[in-house]
Amino acid sequence: MSTLHIYNTYSRNMEEFRPLHPSRVGMYVCGPTVYGPPHLGHVRGPVVFDVLRRYLEFSGFAVRHVRNITDVGHLVGDADEGEDKLAKQARLEQIEPMEIAQAYTLSYNEMIRQMNVLPPGIEPRASGHIIEQIEMIQAVMDAGLAYEVNGSVYFDVFAYAKNYDYGKLSGRVLDDLIAGAGNESRELEGQDEKQNPNDFALWKRANPEHIMQWSSPWGKGFPGWHIECSAMARKYLGDVFDIHGGGMDLLFPHHESEIAQSTACTGHNPARYWIHHNMITINGQKMAKSLNNGITVDQLFAGNHPLLEQAYSPMTLRFFILQAHYRSTLDFSNEALSAAEKGLQRLWNAVKVARNLVASESGEYDVQALAKECRVSMDDDLNAPQVIARLFEAARVANLVNDGKMKLTATQITELNALFETWLVQILGIAPEESSDHRALDGVMQMLLDMRVQAKQDKNYALSDSIRDRLTALGFTIKDGKDGSSWSL
RNA sequence: GGUCGGAUGUCCGAGUGGCUAGGAGCUGGUCUGCAAAACCAUUUACAGCGGUUCGAAUCCGCUUCCGACCUCCA
């Protein structure tokens, strides 16, 4: 049997996955900063790491999945010097920062739920772990790798680099960073306080206009950009744990700094496997405010955006994301999304067909071999696109058997159904979408279709066509098969 | 400017030395009162140039183009 191999950004190599403790896996994934509605860029990470978590659990591991909510915010650069994103948004909306965080945490979690992403076991908030962050900062200072200036605390990158490899994760060379070519135009707040431009803040002194601030040994202030993840991961997963995940954009400085902070405290790189997913583009372009192509998830679900020709369902979005490998960029376009929607529909049709297949004495297809291939694909750095290709192969088999063009034994039919259940539903998390009032609607529709059958038997085609046409006008699709009609919306 | 990654057919997107990826679209067929849907089948590739090799989408070099990070970011 094959075993999971995964690309570790830290070593830049494919590695066999072996957890620290047999049968248990600790996984930390960087969650959202909740200062705005969830957009397409927020959705890939949760889905990718949800599939990893599901696959690990399928493989028999107990997974402790921690995904943080950043409700303290990060500093805004440039014009909004030193101001917290959450604080800024709160001021704009004239409410408490926590109201901002709460509102967008709820909408994020609602989006996650619709995408069939399993909730993490622990969802810690940065604001609820100020004490842990202060303690960690103190530990870095005790190690002699941080210094205080005017109520702010900075990490001493130079001192750290004497004993440790700063820049290994992101492939950065400290000397190059020092040269800092092309960055002269940037005027970052607090730069003059730093002993070195590459030092980063662990704690920032709060000015009166900062509406989010806490007491600390260094006076009123708020935590730096990276310390929350280090502190919370350590609290819930220990000094060293298995997986730390996030988007590639977090490689530097966020994860590089996390490694530095944690190493300063514990002497260890906190995570054994660093896993990063690639970014998304929209019509081949980076999603950016200046390009006016930022699509929120709600807009996608409602089809309510100038770039969208129609609405796409949460499962279509999930399926679309998983059709590309997690380390490749993923391009959103109407054509690609609608192709995914139709492909998913084909898959679901086959799942239904597979449930009602008639068994033969002999079989002509090795279903077990196909299931094994799914496993091999997944073990090869989570190659979900290949798993999906094999599911389409399974769909083809189901349809062929249904058409009497291929034979399967009763056992093989069971295996085929299990293959869909395991790989499509359980591991990829693509669950059929059915609304709560589906059952009642189903009854009404069945009644109409029965009437239409009667009309057809009576050769009253005017009536039967009228029923169909009026249902079509309402958005229903009527399919006439050998064994009666079916419908979909 | 520095570092890293990418360029696959009409579109999306797997694939690291020889074996049909897959989906969507197009086309043909089956089914059908008609239509639609569904199903089956089929078609179009490896950015350019050079090199290594019996053999290259895959390895090497050069060229062109694109992107990411270097600053908050998913």
Side-chain angles (χ1 to χ4, degrees), chain A residues 12 29-33 35-36 38-48 70 73-78 80 83-85 167 170-173 175-177 179-183 185-188 198 225 246-254 256 276-281 284-289 319-320 323-325 327-347 349-350 353 373 377 380 383-393 395-396 398-400 402-403 405 456 459 461 464-465 468-469 472 477-482 485-488:
Chain A
R12 291 170 190 272
V29 178
C30 289
T33 304
Y35 69 99
H39 56 70
L40 292 185
H42 287 114
V43 89
R44 192 177 192 186
V47 168
V48 165
T70 298
H74 290 167
L75 295 178
V76 176
D78 304 329
D80 311 294
E83 191 170 13
D84 193 281
K85 275 180 181 172
S170 56
R172 247 143 266 225
V173 179
D175 289 338
D176 293 345
L177 289 172
N183 291 345
S185 59
R186 270 183 278 148
E187 286 290 336
L188 291 178
N198 298 297
W225 313 353
M248 281 183 180
D249 53 325
L250 297 178
L251 230 35
F252 188 90
H254 186 57
E256 196 71 61
H276 293 92
H277 64 82
N278 214 319
M279 303 291 109
I280 66 156
T281 54
Q285 287 185 300
K286 178 185 175 171
M287 189 171 76
K289 275 183 187 162
F319 182 72
F320 176 70
Q323 265 191 313
H325 189 259
R327 287 199 287 123
S328 299
T329 52
L330 172 66
D331 187 46
F332 279 79
S333 66
N334 275 294
E335 212 173 355
L337 279 164
S338 96
E341 182 179 60
K342 286 172 186 165
L344 180 56
Q345 195 55 52
R346 174 176 155 80
L347 224 37
N349 277 329
V353 163
E373 286 174 18
S377 293
D380 184 16
N383 199 327
Q386 266 183 11
V387 172
I388 289 173
R390 303 199 196 292
L391 288 171
F392 277 111
E393 167 73 4
R396 192 178 65 86
N399 288 324
L400 282 172
N402 191 46
D403 290 354
K405 293 171 182 167
K456 284 167 76 174
K459 306 271 183 197
Y461 295 126
S464 68
D465 286 354
R468 183 181 63 200
D469 293 345
T472 304
T477 305
I478 306 306
K479 291 181 267 189
D480 289 348
K482 274 183 192 169
S485 302
S486 62
W487 65 275
S488 58

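In what follows, every heavy atom counts, from backbone to side chain, and hydrogens, waters and symmetry copies are set aside. Naming: A, B, ... by sequence-line order, numbering from 1 per chain.
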For RNA chain B, what is the dot-bracket line, given that a base pair needs Watson-Crick (N1 to N3, plus N6-O4 or O6-N4) or G-U wobble (N1-O2 and O6-N3) geometry with both distances under 3.5 Å, and | means paired with another strand? (((((((..(((.....[...)))..((((.......)))).....(((((..]....))))))))))))....

In whole Å, what separates the C1' atom of rA56(B) from that of rG48(B)? 16 Å

Among the nucleotides rA74(B), rG22(B), rA14(B), whichever has the atom closest to the side chain of His39(A) is rA74(B)

Phe320(A) CZ to rC12(B) C1', in whole Å, measures 7 Å

Using whole Å, what does the distance between atom P of nucleotide rG9(B) and atom CD of Glu335(A) come to? 13 Å

Separation of the P atoms in rC26(B) and rC19(B), to the nearest angstrom: 30 Å

Do Pro385(A) and Gln323(A) come within less than 4.5 Å of each other through their side chains, counting heavy atoms only? no

Please identify each residue that fulfils salt bridge (Lys or Arg N to Asp or Glu O under 4.0 Å) with Arg346(A), with sequence neighbours left out. none

What interatomic distance, in whole Å, is found between P of rU63(B) and the corresponding atom of rG9(B)? 24 Å

With heavy-atom distances below 4.5 Å as the criterion, would you say the side chains of Tyr35(A) and Thr70(A) are in contact? no

Report the nucleotide, chosen from rA14(B), rG33(B), rA74(B), that has the shortest atom-to-atom distance to any side-chain atom of Gln386(A). rA14(B)

I need the CZ-P distance between Phe319(A) and rG22(B), as an integer number of Å. 14 Å

Starting from the 5' end of RNA chain B, give me the residue, Asn349(A) or Ala339(A), whose nearest nucleotide shows up first. Ala339(A)

Whole Å only: how far is the CG atom of Leu347(A) from the P atom of rG23(B)? 10 Å

Got a sec, which residues hit side-chain hydrogen bond (donor to acceptor under 3.5 Å, both in side chains) with Asp403(A), two or more places apart in sequence or on another chain? none

Give Ser464(A) one of three labels, base, sugar-phosphate or nothing, depending on what nucleic acid heavy atoms sit under 4.0 Å from its own. base

If I pick the C1' atom on rG18(B) and the same atom on rU32(B), what distance separates them, to the nearest angstrom? 46 Å

Mind checking Lys456(A) for me? I need base, sugar-phosphate or nothing, with any heavy atom below 4.0 Å counting as a touch. base

Under a 4.5 Å cut-off applied to non-hydrogen side-chain atoms, are Phe319(A) and Leu347(A) in contact? yes

Nearest whole angstrom, please: distance from the C1' of rA74(B) to the CD1 of Ile280(A). 8 Å

Suppose you measure atom C1' in rC65(B) against the same atom in rA47(B); what distance do you get, rounded to whole Å? 8 Å

Check this for me: does any side-chain nitrogen of one of Arg390(A) and Glu393(A) sit under 4.0 Å from a carboxylate oxygen of the other? no

rC46(B) to rU10(B) separation - P atoms, rounded to the nearest Å: 10 Å

Qualifying residues under salt bridge (Lys or Arg N to Asp or Glu O under 4.0 Å), relative to Arg44(A), sequence neighbours excluded: none

For rG55(B) and rG17(B), measure between their C1' atoms and round to the nearest Å. 8 Å

Rounded C1' spacing from rG15(B) to rU20(B) in Å: 12 Å

Using a cut-off of 4.0 Å on non-hydrogen atoms, how would the nucleic acid contact of Gly41(A) be classed: base, sugar-phosphate, or nothing? base

Would you tabulate the nitrogen or oxygen pairs shorter than 3.5 Å linking the protein to nucleotides 65-69 of chain B?
| residue | atom | partner | partner atom | Å |
| --- | --- | --- | --- | --- |
| rC69(B) | OP2 | Lys286(A) | NZ | 3.4 |
| rC69(B) | O2' | Arg172(A) | NH1 | 3.3 |
| rC69(B) | O2' | Arg172(A) | NH2 | 3.1 |

Validation row: Met279(A), Met248(A) side chains within 4.5 angstrom (heavy atoms): yes

Rounded to whole Å, the NE2-C1' distance (His325(A) to rG13(B)) equals 12 Å

Expressed as a whole number of angstroms, how long is the span from Gln323(A):CD to rG15(B):C1'? 15 Å

Point-to-point distance, once rounded to the nearest 0.5 Å, from NE2 of His276(A) to OG of Ser170(A): 9.5 Å

Under 5.5 Å centre to centre and under 30° between planes: does that hold for Phe392(A) and the six-membered base ring of rG23(B)? no

State, with a plain yes or no, whether a side-chain heavy atom of Leu40(A) is found less than 4.5 Å away from one of Phe332(A). yes

Contacts under 3.5 Å, N or O only, protein and nucleotides 40-42 of chain B:
| residue | atom | partner | partner atom | Å |
| --- | --- | --- | --- | --- |
| rC40(B) | OP2 | Arg346(A) | NH1 | 3.1 |
| rA41(B) | OP1 | Arg396(A) | NH1 | 3.4 |

Side-chain donor-acceptor pair under 3.5 Å between Asn278(A) and Ser328(A), yes or no? no

Could you tell me whether Gly45(A) contacts a base, only the sugar-phosphate backbone, or nothing, with contacts defined as non-hydrogen atoms closer than 4.0 Å? nothing

Nearest whole angstrom, please: distance from the P of rG23(B) to the CD of Gln345(A). 15 Å

Considering every strand and a 4.0 Å limit on heavy-atom distances, what is the contact class for Ala336(A): base, sugar-phosphate, or nothing? sugar-phosphate

Reading RNA chain B from 5' onward, which residue's closest nucleotide shows up sooner: Arg327(A) or Asp465(A)? Arg327(A)

Closest heavy-atom contact between Ser377(A) and Gln386(A)? OG-OE1, 3.0 Å

Ile280(A) and Gly41(A): which non-hydrogen atoms are nearest, and at how many Å? CD1-N, 3.7 Å

What contact category does Asn383(A) fall into here, base, sugar-phosphate, or nothing, at under 4.0 angstrom with non-hydrogen atoms? sugar-phosphate

Quick check: any donor-acceptor pair below 3.5 Å linking the side-chain of Arg12(A) to the base of rC4(B)? no

Measure the shortest side-chain to side-chain distance between Glu256(A) and Leu251(A) over non-hydrogen atoms and say whether it is less than 4.5 angstrom. no

